[in-house]
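To keep things clear, I will list the structure first and then write my remarks on it.
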Amino acid sequence: MTRYETITSLGDNFIKLMGKSLIPVHILDWKVYYEAYLKQAQLLCKEHGKPKKTKAAGITAAMYNISDRSMFSIIAFMEGC
């Protein structure tokens, strides 16, 4: 199970844990960025017929005004165990 799957499985408890400062608030931002990346990757895959993960990461980083390196770090974190 990846970190993203763990976070989404928490449901409403995720917000409660953030409220108690057990989970840092920036993880919620990262979750939003990662979900946008997944959506962008899916759109590019449909358009081009094959995964375009690097392009999807770049587009998402530009949308949220973060660096490409930060986006790749977020992806690595969310896809880690």
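- Residues M63 and A36 come closest through the heavy atom pair CE-CB, 4.3 Å.
- The two residues C45 and P51 come nearest to each other via the heavy atoms SG-N, 4.0 Å.
- When all heavy atoms are compared, the tightest approach of A61 to M71 is CB-CB, 4.0 Å.
- Side-chain atoms of I27 and F14, non-hydrogen and from C-beta on, do get closer than 4.5 Å to each other.
- Summarising the geometry, atom NZ belonging to K16 is positioned 13.0 Å from atom CG belonging to L22; distances are rounded to the nearest 0.5 Å.
- For the atom pair D12 CG and L17 CG, the distance stands at 11.0 Å (nearest 0.5 Å).
- Side chain of E5 to backbone of T2: a donor-acceptor contact under 3.5 angstrom is found.
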D68 and T54: CA distance, side-chain angles, deciding distance, side-chain contact (heavy atoms from CB on, under 4.5 Å) verdict: CA-CA 9 Å; D68 288 350; T54 305; over 6 Å; no
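- Within the 4.5 Å cutoff, side-chain heavy atoms of L38 are placed close to those of Y4.
- Using a 4.0 Å cut-off between a side-chain N of Lys or Arg and a carboxylate O of Asp or Glu, K31 and E35 qualify as a salt bridge.
- Under the 4.5 Å side-chain criterion, counting only non-hydrogen atoms from C-beta, D29 is not in contact with Y64.
- A donor and an acceptor atom, one from each side chain of S70 and S67, are located under 3.5 Å apart.
- Of all the heavy atoms in Y33 and T60, the pair that sits closest is O-CG2, 3.6 Å.
- When the side chains of ILVMFWY residues are joined at heavy-atom separations under 4.5 Å, either directly or via intervening members, L43 and I59 end up in two distinct hydrophobic clusters.
- Contact annotation: the side chain of I7 approaches that of M78 to within less than 4.5 Å [non-hydrogen atoms, C-beta and beyond].
- Between M18 and K20, every side-chain heavy-atom pair lies at or beyond the 4.5 Å cut-off.
- Considering OG1 of T8 and CZ of R3, their distance stands at 14.0 Å, rounded to 0.5 Å.
- Within 6.0 Å of CG on N13 lie more than 12 heavy atoms contributed by other residues, nucleotides or ligands.
- Aromatic ring orientation, H26 versus W30: perpendicular (interplanar angle above 60°, classes split at 30° and 60°).
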